[in-house]
Amino acid sequence: MVTTLSEMTKLWDKTLKRIKESVVDTKTFDSFFANSYIYEREGDTLVIVAAHKVAKVMLGGKYADVITDTISEFEDDIYKIRVITEDEIASSRKKTPDQPVEKVSKVTPTTTTSQYFEGAEVKQNLTFDNFVVGEFNKEAHKAALYVAKNGGTLFNPLFIYSHSGLGKTHLLHAIGNEIKANRMPNANILYITANSFVEEYIKFVRAEKDSQSLKDYFKGVDVLLLDDVQLLAEKVKTEEMFFYIYQDMINKGKRIIITSDRQPNELKGLEDRLITRFTQGLTVKINEPDTETCVEILKSKILASGLSLEKFDENVIYFLAEKFSRDVRELEGALNSLLFICLNLMDEEKITMDVAIKAVSSIQGGKTIAAQLSEQKIINTVADYYNLTPSQLTGKVRTGQISLARHIAMYLIRKHLDIPLKKIGEMFGGKDHTTVMSGISKVDKELKTDKQLQDAIRELESKLK
Ligand code: ADP
Ligand code: MG
């Protein structure tokens, strides 16, 4: 008699295999049978977890007889099945906290030693509750909430992209927190940046660890939250390893959520097969927030910091929201410097426009503007302005308009960030420093006489602020 989880899992595997081979077509199998697993046995009944709600209805209804018939080929004391979804496990778990139940995937032997990604964690303070939703991010929010609340393979992977500072990392942690709080309390949820994947891979190669071990580590991961995937670019060996791990997780129906600073087909230096796979789930963009939403964000952050909105002149909030509406991180930075000022205020004193303007101009003056600017931001802004993609701007095509835009980007990077010419050359597809120099001096020279160019630079600089 089959009683242990691993015996039951074997039985289920055999059953699925038989059904796939001789009972249903591949499409039906993939839609309803794939990614189901055994939860437990209750007497003569096998409890099966279906990948999603529709699968539950189909397996427990139309295909129930097929399933019990097939099971009976291998095992003669199981007559019935009961089909549930992961959500139902989560709620039954809540009701009986004294009897923790483990998913089968947890019981199968995996090396989940924490030799990899030490310190990686889902940050508890980044949740859906403190994520403000507006027109600019509502699609990403909806998709994130969906994958957090539902198992199954729909929208796997979820790929979220935007410029920096617009809430991608926040959403990843929110998804992790939501899954842990409700759907899969015992799940092993891994939040990492692509950079830390690269680092672990290098450590793994250096230490010449058993070549399976990084792969094995991921076998114990139920949900992967991968931040800033663009950082995998040009790392061929690491990509190979990642590809394997990615494919294995997707095949097993494990949720993967990826973020990036650009859309998949602009991920220069990443293997095509990865890019293709990234687009097989759902891709959503976070746009730039409108002022109204920024006001909401500011208000929620003020309240979260324990201050009352009364402390601020209403105009101050609008002023900040308008000034920093391109980037929530900058918005927070500006607010933090105001909150700092608040520490020195008397109880009844308010933050007035005067105070706010001073605080903000101190952030914008001198070095700090350079610290807030990055070469990527300049590249994105210039590309946007000339209707190009960032990769066209840093690429090799040399038609008039693209060349001009490229020289302007180099000029702005040099002027505002004071980065060495050689490094600028590297950002633009490995150009020689003399090429960069000549591009920059061209802009410099033409700026003296070309009115249109002067306007363009002025407008770009104001966008960068
Ligand atoms: P990204 O990963 O896109 O660069 P982050 O997720 O790090 O951006 O967001 C930058 C900061 O702004 C974080 O402190 C984050 O909590 C905050 N933030 C971004 N979007 C929102 C939002 N919609 N509501 C509340 N806070 C937000
Ligand atoms: Mg981020």
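Since the structure is predicted, the reported quantities are computational estimates derived from the model, not experimental observations. Indexing begins at 1, ligand by ligand and atom by atom, following the structure's order.
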Numbering the atoms of ligand 1 from 1, which are under 4.0 Å from a heavy atom of L126?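 In order of numbering, the contacting atoms are 16 (O).
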Check ligand 1 against S164 and write out every atom of the ligand that is under 4.0 Å from a heavy-atom position of the residue. 4 (O)
How far is [atom] from the closest protein heavy atom, and which atom is that?
{"atom": "atom 26 (N) of ligand 1", "result": "K301 NZ, 2.8 Å"}
{"atom": "atom 11 (C) of ligand 1", "result": "E332 OE1, 3.3 Å"}
{"atom": "atom 23 (N) of ligand 1", "result": "V132 O, 2.7 Å"}
{"atom": "atom 6 (O) of ligand 1", "result": "H170 N, 2.8 Å"}
{"atom": "atom 25 (C) of ligand 1", "result": "N130 O, 3.3 Å"}
{"atom": "atom 12 (O) of ligand 1", "result": "V328 CG1, 3.2 Å"}
{"atom": "atom 7 (O) of ligand 1", "result": "R329 NH2, 3.0 Å"}
{"atom": "atom 2 (O) of ligand 1", "result": "T169 OG1, 2.7 Å"}

Just do the salt bridge (Lys or Arg N to Asp or Glu O under 4.0 Å) check on K301 and E332 with the steps written out, would you? CA-CA 8 Å; K301 304 252 172 207; E332 267 192 329; 2.8 Å; yes
Just the protein N/O/S atoms under 2.8 Å from the Mg ion (ligand 2), please, no waters. T169 OG1
Just checking K311: does its NZ atom have more than 12 heavy atoms from other residues, nucleotides or ligands closer to it than 6.0 angstrom? yes
Are more than 12 heavy atoms, taken from residues, nucleotides or ligands other than Q124, located less than 6.0 Å from that residue's CD atom? no
Does ligand 1 have an atom under 4.0 Å from some heavy atom of H141? no
Between Y201 and K237, is there a cation-pi geometry (under 6.0 Å to ring centre, at most 45° from the normal)?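 No, a cation-pi geometry is absent between K237 and Y201.
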Using the side-chain contact (heavy atoms from CB on, under 4.5 Å) rule, take Q230 and R262 through it: C-alpha gap first, then chi angles, then the decisive distance, then the call. CA-CA 8 Å; Q230 74 276 0; R262 65 203 84 172; 4.1 Å; yes
Side chains of [X] and [Y]: do they bring a donor and an acceptor to under 3.5 Å?
{"X": "D450", "Y": "Q452", "result": "no"}
{"X": "T127", "Y": "N177", "result": "no"}
{"X": "Y37", "Y": "E86", "result": "yes"}

Check this for me - ligand 1, [X], N or O atoms closer than 3.5 angstrom, yes or no?
{"X": "G165", "result": "yes"}
{"X": "K168", "result": "yes"}
{"X": "F136", "result": "no"}
{"X": "G167", "result": "yes"}

Which label fits Y217 and F117: parallel for a plane angle under 30°, tilted from 30 to 60°, or perpendicular past 60°? tilted
Just say parallel, tilted or perpendicular for the rings of Y191 and H173, cut-offs at 30° and 60°. tilted
Do L225 and I192 have side-chain heavy atoms sitting under 4.5 Å apart?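 Side-chain contact under 4.5 Å: no.
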Between N137 and ligand 1, find which residue part has any heavy-atom pair under 4.0 Å and reply side chain, backbone, both or neither. side chain
Location of contacts on D227 toward ligand 1, heavy atoms closer than 4.0 Å: neither
For residues 265-322, pull every pair meeting ring pair (Phe, Tyr, Trp, His ring centres under 6.0 Å), keeping only residues two or more places apart or in separate chains. F159-F278, Y246-F278
Check this for me: does any side-chain nitrogen of one of E200 and K203 sit under 4.0 Å from a carboxylate oxygen of the other? yes
side-chain contact (heavy atoms from CB on, under 4.5 Å) partner of N188, chosen from L224, V223, D222: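 The single option meeting the side-chain contact (heavy atoms from CB on, under 4.5 Å) with N188 is D222.
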